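Here the structure is laid out as structure tokens; the discussion comes afterwards.
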There are 2 protein chains.
Amino acid sequence: MSTATRSDWAEEARAALSGAGYRRGGARATVIDALAEQDCAITALDLEEELRRRDEGVGRASIYRALEQLEQLGLLQRIEVCRGTAGYERVEPDGEHHHHAICRDCGRLIPFEDRSLERALAKVADRIGFDASGHDVVLRGLCDRCER
Amino acid sequence: MSTATRSDWAEEARAALSGAGYRRGGARATVIDALAEQDCAITALDLEEELRRRDEGVGRASIYRALEQLEQLGLLQRIEVCRGTAGYERVEPDGEHHHHAICRDCGRLIPFEDRSLERALAKVADRIGFDASGHDVVLRGLCDRCER
DNA sequence: ATGACTGCAAAGCCTTTGCACGCAA
DNA sequence: TTGCGTGCAAAGGCTTTGCAGTCAT
């Protein structure tokens, strides 16, 4: 198990942004803190709503801009959660990550990790000579609640 | 190696549609024939353009509708090729399928197959108790042309 | 003082929907 | 004849961009 914590991620994000020449801005700071607390992928619009509920409202454009910058720096991973809608989640400093099973009925995201899947992915990238910096895996089907 | 051919797929598609109670329509037939010829994923808009070039133009709405119906019947798989844009490709009758490495520089799609990856995916779905009917795998990084 | 950051509104882009007409069955 | 299939145009939904005001450095 990893020893990384969520605040490590926020710390790393701030450092990376600063290193990349970004200034410190209120909206982006709010977005980073909110992302640090998420357990799984969240969409830009859900994030906007959550922040508004907490009275930390941030302009929609600022949210999208922050997400894009963080993704660019390799701090966030973007995944498609519904048709045409993107979700974002932290990329952990130690490389630890998970994938998702997505229920086609209720849309629920079920995160999972699997070592042998990771090994297979690394091997295939090597085999085909592709310099893979990352990968997405999504299982599609019915979750245990919807299956019955 | 599979013995399935592309016309098998078109055949199967027509049969499945007919079995599902769909009538035979010109626009959908054109879309099916065009899909049968593709080597890899194609977007709705690229398909529209290709058909127009061939003077077999089909209304955009009809293309989207056909793609959706075919996906619903399990004859097409939808994958996200660019941010917010979907590509579609045939699901072969024998279950054979491939995945993609996508170059983040030039956007090129490099298809690949891998048995042990498939095994790992099947095992993990089983392990977490998820009734997976399908899966997406995308490797992200730089292709051999852009790496240098 | 300079230039990045922010929020609002407008524009963009892919996709879906409404509707009238045409065609398969 | 019935109602599915089609095409056009309009509407939707998510995301990006333009711009003027604000704030960090």
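Lettering follows sequence order; numbering is per chain, from 1. This is a predicted model, so every value here is computed, not measured.
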Practice prompt. Sort and list the pairs that fulfil side-chain hydrogen bond (donor to acceptor under 3.5 Å, both in side chains) and have at least one residue in residues 15-26 of chain A, not counting sequence neighbours.
Written response: none
Worksheet item: Any Lys/Arg nitrogen of B:D8 or B:R90 sitting under 4.0 Å from an Asp/Glu carboxylate oxygen of the other?
Response: no
Worksheet item: Minimum heavy-atom separation for A:H98 to A:C40, with atom names?
Response: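 The pair with the smallest heavy-atom distance is NE2-SG, 4.0 Å.
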Discussion item. Show the nearest heavy-atom pair for residues B:D94 and B:E96, with the distance to one decimal.
Written reply: OD1-N, 2.9 Å
Discussion item. Are A:L76 and A:W9 packed together at the side-chain level, in the sense that at least one heavy-atom pair is separated by less than 4.5 angstrom?
Written reply: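 They are in side-chain contact.
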Worksheet item: If the sugar-phosphate is the primed atoms plus P, OP1 and OP2 and the base is the rest, what is the B/S/- string for nucleotides 1-13 of chain C, using protein heavy atoms under 4.0 Å?
Response: --BSSBBB-----
Worksheet entry | Selection: residues 70-83 of chain B, any non-hydrogen atom under 4.0 Å of DNA chain C |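 Those residues: none at all.
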Worksheet entry | Divergence of helical axes at both termini of the helix from C:dA1-D:dT25 to C:dA25-D:dT1 - five pairs an end, 10° steps |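 Computed from the C1' atoms at both ends, the axes differ by 30°.
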[Y] versus [X], side-chain donor and acceptor atoms under 3.5 Å:
| X | Y | result |
| --- | --- | --- |
| B:E89 | B:H97 | no |
| B:S116 | B:D114 | yes |
| A:H135 | A:Q77 | no |

Worksheet entry | Side-chain N or O of A:Y64 closer than 4.0 Å to phosphate OP1/OP2 of D:dT15 | yes
Would you give me the side-chain donor-acceptor pairs under 3.5 Å for residues 43-51 of chain A, sequence neighbours excluded?
| residue | atom | partner | partner atom | Å |
| --- | --- | --- | --- | --- |
| A:T43 | OG1 | A:D46 | N | 3.0 |
| A:T43 | OG1 | A:D46 | OD2 | 3.2 |
| A:E48 | OE1 | A:R60 | NE | 3.0 |
| A:E48 | OE1 | A:R60 | NH2 | 2.9 |
| A:E48 | OE2 | A:R60 | NE | 3.3 |
| A:E49 | OE2 | A:R53 | NH1 | 3.1 |
| A:E50 | OE2 | A:Q38 | NE2 | 3.4 |
| A:E50 | OE2 | A:R54 | NH2 | 2.8 |

Item to complete: Report the distance from atom CG of B:L17 to atom C1' of D:dG5, rounded to the nearest whole Å.
Response: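 Spelled out: CG on B:L17 to C1' on D:dG5 is 12 Å.
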Discussion item. Tell me which pairs pass salt bridge (Lys or Arg N to Asp or Glu O under 4.0 Å) where either residue lies in residues 66-79 of chain A, with sequence neighbours left out.
Written reply: A:E71-B:R83, A:R78-B:E80
